[in-house]
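Heavy-atom basis, side chains included; hydrogens, waters and symmetry copies ignored. Throughout, residue positions are numbered sequentially from 1 according to the sequence presented.
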Amino acid sequence: MSATDEFETVRIFDTTLRDGEQSPRTSFDYEQKREIATALDEAGTTVIEAGFPVNSDAEFEAVADIAADVDATVCGLARVVEKDVDAAIDADVDMIHTFASTSDVQIEDSMHSTREEVKERSVAAVERAAESGAEVMFSPMDATRTDEPFLIEMIEATTEAGADWINIPDTCGVATPTRFADLIEVVCAHTDARVDVHTHDDFGLAAANALTGVEAGAEQVQVSVNGIGERAGNAAFEEVVMAAESLYDADTGVNTREITALSRLVEEASDMPVPANKPVVGRNAFSHESGIHAAGIIENSDTFEPGVMTPEMVGAERELVMGKHTGTHSVRQRLTEAGFDPTDDQVRTVTRRVKDHGAEGRVTMDDVIAFAEEAGVERTDEESERGARV
C-alpha cells in the first residue's frame with residue numbers, strides 16, 4: 001500500500017491493561033483486569049495485551065488466567081531479558097511482545113548500553129520467544145527518534161530472528177501524520193513481518209498518526225480505552241475504531257455498540273474521569289444546547305452530527321441540554337417528552353425562563369418542569385383524565 005491508499009480492514013490491539021495501567025496513579029486489581037479483559041473480548045478486540053508477566057506474582061496470575069479464558073489473542077510484554085521472555089512463555093500467552101530502546105538517548109541514558117548490545121539482546125529475545133511457538137512482536141522503542149539506518153538494521157535483524165510482527169512505537173508522541181506514514185512505508189520495505197503501530201498523544205496526534213500508519217501499510221493499531229496510558233496517553237480505542245469504521249468504512253471486528261459501556265468500565269477502574277468533550281464517549285459527544293443546533297438535530301440529526309457516527313452506533317444516547325443557549329424547538333421537545341402540551345406562547349415563556357436561569361448556572365429537567373408548571377402548561381395526561389371525567 002502507499003500512503004494515499006484507503007484500507008478495508010485493521011486489527012485492534014488493545015493495551016489498556018498494560019500501557020493504560022502505566023498511567024500515573026492508575027492500578028488495576030486482579031478482578032478489574034479480568035472484567036476489562038472480558039469486556040474487550042466480548043466487544044471483538046483482536047489482541048488484548050494483558051500485562052507484564054514478570055512484574056509480580058499477581059500480574060503473572062492475571063495474565064495467565066486471562067490467556068486461558070478469553071477468545072482474543074492474549075499478549076504478554078517482555079523486555080529483551082531472558083527471565084521476562086520465560087515469564088511470558090510460562091503464562092502461556094498467544095503472543096509475546098518484546099522490546100528494546102533503539103534511540104541513542106534511550107540506549108545511553110536509560111538502558112546504559114550500546115547499539116550492538118541492544119541488537120544482540122533483541123535478536124536473542126526474539127529467537128527465544130519464537131522457539132516457544134508463540135507469535136512474536138518486536139518493538140524498537142522510541143522508533144520515531146531513532147537514527148533511521150540503525151532502525152532498519154534492528155528491524156531486519158529481528159525479522160530474520162523470527163519476529164512475526166514489527167511494532168513501530170512513537171514512544172514520546174513526536175510524530176506527525178505525514179512523517180509517520182513515510183516512516184511506516186520505509187519499515188514495510190525492510191521486513192517481511194506484519195507491521196503494527198503504537199502512537200502516543202503528547203501533541204494530540206495519536207489517533208491521526210495511527211490511522212495514517214495503517215494507510216501506509218500497517219495492519220494493526222495499538223490503542224487503549226479512553227486513551228489512557230503514559231503521560232498524555234495512547235491512541236484511544238474509541239477514536240481509532242470509530243474513525244476506521246465510519247470514515248474509512250473499514251472492518252475492525254469490534255462491536256461498536258459496546259464502546260460506551262467499555263469506556264465507563266475503564267473510567268471507573270482507572271479512576272481517570274473522561275472529559276465531557278472527549279470524542280465518541282464524552283458526555284457532550286452527542287449533546288446539544290445551542291438553539292440552532294438543537295433545532296437542526298430535531299429535524300434531522302445529520303445536520304449537526306457526523307451522520308456516519310450516531311449515538312446508537314456506540315451504545316450512547318443523544319441529549320438536548322437546557323441552558324442559556326437553548327431555543328424554542330428544544331424546549332418544546334423536552335416539554336412534550338415530559339408529558340406537557342404547551343402552546344406557542346407557553347413555549348416562549350418557558351424558553352425565556354430557561355435562558356435566564358442558564359445564564360446563572362446549570363438547568364436541570366426538574367427546573368424545566370417547574371417553569372412549565374408556573375406558566376400553567378397543561379399535561380397531556382391531565383387533559384385525558386379530564387376528558388374521561390366529562
Side-chain angles (χ1 to χ4, degrees), residues 13 15-23 27-28 33 47-67 73-147 150-151 153-172 191 193 196 198 200 222 229-230 234:
F13 177 118
T15 186
T16 304
L17 297 176
R18 199 277 298 171
D19 197 325
E21 192 181 21
Q22 291 173 208
S23 302
S27 178
F28 301 130
K33 273 191 174 264
V47 181
I48 299 171
E49 189 166 44
F52 193 10
V54 80
N55 190 50
S56 67
D57 290 343
E59 181 82 347
F60 178 89
E61 181 184 9
V63 172
D65 288 352
I66 290 168
T73 296
V74 174
C75 179
L77 188 70
R79 295 167 298 181
V80 287
V81 175
E82 186 173 308
K83 67 175 183 177
D84 286 34
V85 175
D86 287 348
I89 293 171
D90 292 343
D92 200 23
V93 295
D94 307 296
M95 178 185 290
I96 297 172
H97 177 192
T98 190
F99 69 97
S101 296
T102 54
S103 66
D104 288 334
V105 64
Q106 289 194 0
I107 290 173
E108 295 168 11
D109 296 330
S110 178
M111 294 190 72
H112 304 290
S113 188
T114 65
R115 287 184 175 186
E116 192 56 39
E117 288 172 347
V118 166
K119 186 169 79 168
E120 289 176 2
R121 290 171 58 187
S122 298
V123 167
V126 169
E127 289 176 342
R128 189 173 188 85
E131 288 170 2
S132 74
E135 277 190 273
V136 182
M137 174 180 287
F138 176 73
S139 290
M141 189 159 67
D142 208 14
T144 49
R145 299 194 301 175
T146 296
D147 177 57
F150 181 59
L151 179 64
E153 184 179 338
M154 287 293 298
I155 289 167
E156 291 179 341
T158 50
T159 299
E160 186 176 349
D164 301 290
W165 290 90
I166 296 294
N167 166 244
I168 299 301
D170 182 24
T171 304
C172 293
T191 182
D196 169 278
H198 178 112
H200 276 268
Q222 297 197 8
E230 293 277 4
N234 296 280

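- Pairing each heavy atom of Ile166 with each of Ala193, the nearest pair is CG1-CB, 3.9 Å.
- Between the side chains of Asp142 and Thr171, no donor N or O sits under 3.5 Å from an acceptor N or O.
- Note on residues 99-110: pairs passing salt bridge (charged side-chain N to carboxylate O under 4.0 Å, His left out), not counting sequence neighbours, are Asp104-Arg115.
- At a threshold of 4.5 Å between non-hydrogen side-chain atoms, the residues Ser132 and Ile96 count as touching.
- Qualifying ring-ring contact (aromatic ring centres under 6.0 Å, His included) partners for His97, counting only residues two or more places apart in sequence or in other chains: none.
- Atoms CG and CE, from Asp196 and Met95 in turn, are 7.5 Å apart once rounded to the nearest 0.5 Å.
- Contact annotation: the side chain of Met154 approaches that of Lys119 to within less than 4.5 Å [non-hydrogen atoms, C-beta and beyond].
- Between the CZ atom in Arg145 and the OG1 atom in Thr102 there is a gap of 10.0 Å [rounded to 0.5 Å].
- The NZ atom of Lys83 lies 13.5 Å from the CG atom of Asp90; values are rounded to the nearest 0.5 Å.
- Heavy-atom neighbours of Glu156 CD from other residues, nucleotides or ligands within 6.0 Å: above the threshold of 12.
- Contact check for Thr98 versus Asp84: no side-chain heavy atoms found under the 4.5 Å cut-off.
- Side-chain N/O atoms of Thr73 and Asp94 include no donor and acceptor closer than 3.5 Å.
- For Glu82, the salt bridge (Lys or Arg N to Asp or Glu O under 4.0 Å) partners two or more places apart in sequence, or in a different chain, are Arg128.
- Of all heavy-atom pairs spanning Ser122 and Val118, the tightest one is OG-O, 2.7 Å.
- Of all non-hydrogen atoms in Ala163 and Val126, the two that sit nearest each other are N-CG1, 3.5 Å.
- Side-chain atoms of Met137 and Cys75, non-hydrogen and from C-beta on, never get closer than 4.5 Å to each other.
- Looking only at side-chain heavy atoms (C-beta outward), Arg79 and Arg121 stay at 4.5 Å or farther from each other.
- Of all non-hydrogen atoms in Val74 and Ala50, the two that sit nearest each other are CG1-CB, 3.9 Å.
- Rounding to the nearest 0.5 angstrom, the gap separating the CZ atom in Phe28 from the CZ atom in Arg18 is 12.5 Å.
- Residues Glu230 and Ser23 form no side-chain contact, since every pair of their non-hydrogen atoms from C-beta on lies 4.5 Å or further apart.
- The CD1 atom of Ile168 sits 7.5 Å away from atom OG of Ser139, with the distance rounded to the nearest 0.5 Å.
- Closest approach of Gly162 and Val136 over heavy atoms only: O-CB, 4.2 Å.
- Distance CE/Met141 to OG/Ser103: 7.5 Å, rounded to 0.5 Å.
- Annotation: side chain of Asp65 is not in contact with side chain of Lys33 (no heavy-atom distance under 4.5 Å).
- Between the side chains of Gln222 and Asn234, no donor-acceptor pair of N or O atoms lies under 3.5 Å.
- Looking at Pro140 and Ser101, their side chains never come closer than 4.5 Å, going by heavy atoms from C-beta outward.
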